[in-house]
Amino acid sequence: MNFLHLLSNLVPVTIAGLLLGAGLPALFALGMRISAGQTQRTEDGGVIQVRPPSTVMRAIGGLIFAIILVAIVMGILWIAKDFLFHMTGFNFLGLAKK
């Protein structure tokens with residue numbers, strides 16, 4: 001293997017790590033913020049909800065959480081693909097080694 005081959009393999013792995021490593025927590029934070037409605041800080045440092053989120057914002061927050069859930073399930077299936085193929089005979093995601 002030469003350096004360019006290693007570099008060409010490193011770039012997609014780094015991008016995936018950034019998207020999944022920092023992207024999913026950022027999406028979760030965005031979903032929490034969207035689902036929170038209008039909040040206000042109290043004098044003692046607490047946070048209270050002044051106005052609940054609108055129905056549209058709640059739906060957007062739910063969609064963001066659904067995307068996160070799908071990413072987690074797909075990651076678990078990808079990690080366990082060979083085991084699941086061995087135990088069930090079903091080739092999840094079409095990636096199991098036969």
All heavy atoms of L77 vs all of L84, minimum pair found to be CD2-CD1, 3.6 Å
Indicate if [X] and [Y] have the same hydrophobic cluster label, given that clusters are the connected sets of ILVMFWY residues with side-chain heavy-atom separations under 4.5 angstrom.
{"X": "M87", "Y": "W78", "result": "yes"}
{"X": "V70", "Y": "I79", "result": "yes"}
{"X": "F65", "Y": "V56", "result": "yes"}

With sequence neighbours left out, the residues meeting side-chain hydrogen bond (donor to acceptor under 3.5 Å, both in side chains) with R41 are none
About how many Å separate [atom2] of [Y] and [atom1] of [X], when rounded to the nearest 0.5 Å?
{"X": "L10", "Y": "F3", "atom1": "CG", "atom2": "CZ", "value": "8.5 Å"}
{"X": "F83", "Y": "T88", "atom1": "CZ", "atom2": "OG1", "value": "9.0 Å"}
{"X": "T14", "Y": "N9", "atom1": "OG1", "atom2": "CG", "value": "10.5 Å"}
{"X": "L24", "Y": "L69", "atom1": "CG", "atom2": "CG", "value": "11.0 Å"}
{"X": "I60", "Y": "L30", "atom1": "CD1", "atom2": "CG", "value": "9.0 Å"}
{"X": "I67", "Y": "I72", "atom1": "CD1", "atom2": "CD1", "value": "12.0 Å"}

Practice task
Output, in order, the C-alpha distance, side-chain angles, deciding distance and verdict of side-chain contact (heavy atoms from CB on, under 4.5 Å) for I15 and V11.
Solution key: CA-CA 6 Å; I15 291 172; V11 171; 3.9 Å; yes
*Quick one: are I48 and T39 in side-chain contact, heavy atoms under 4.5 Å?*
no
Walk me through whether I64 and I34 qualify under side-chain contact (heavy atoms from CB on, under 4.5 Å). CA-CA 9 Å; I64 290 173; I34 287 174; 3.8 Å; yes
Is it the case that the side chain of Q38 and the backbone of P53 share a donor-acceptor pair, with hydrogens and angles ignored and the cut-off at 3.5 Å?
no
Indicate yes or no for a side-chain donor-acceptor contact from S35 to the backbone of M32 under 3.5 Å, with no hydrogens or angles considered. no
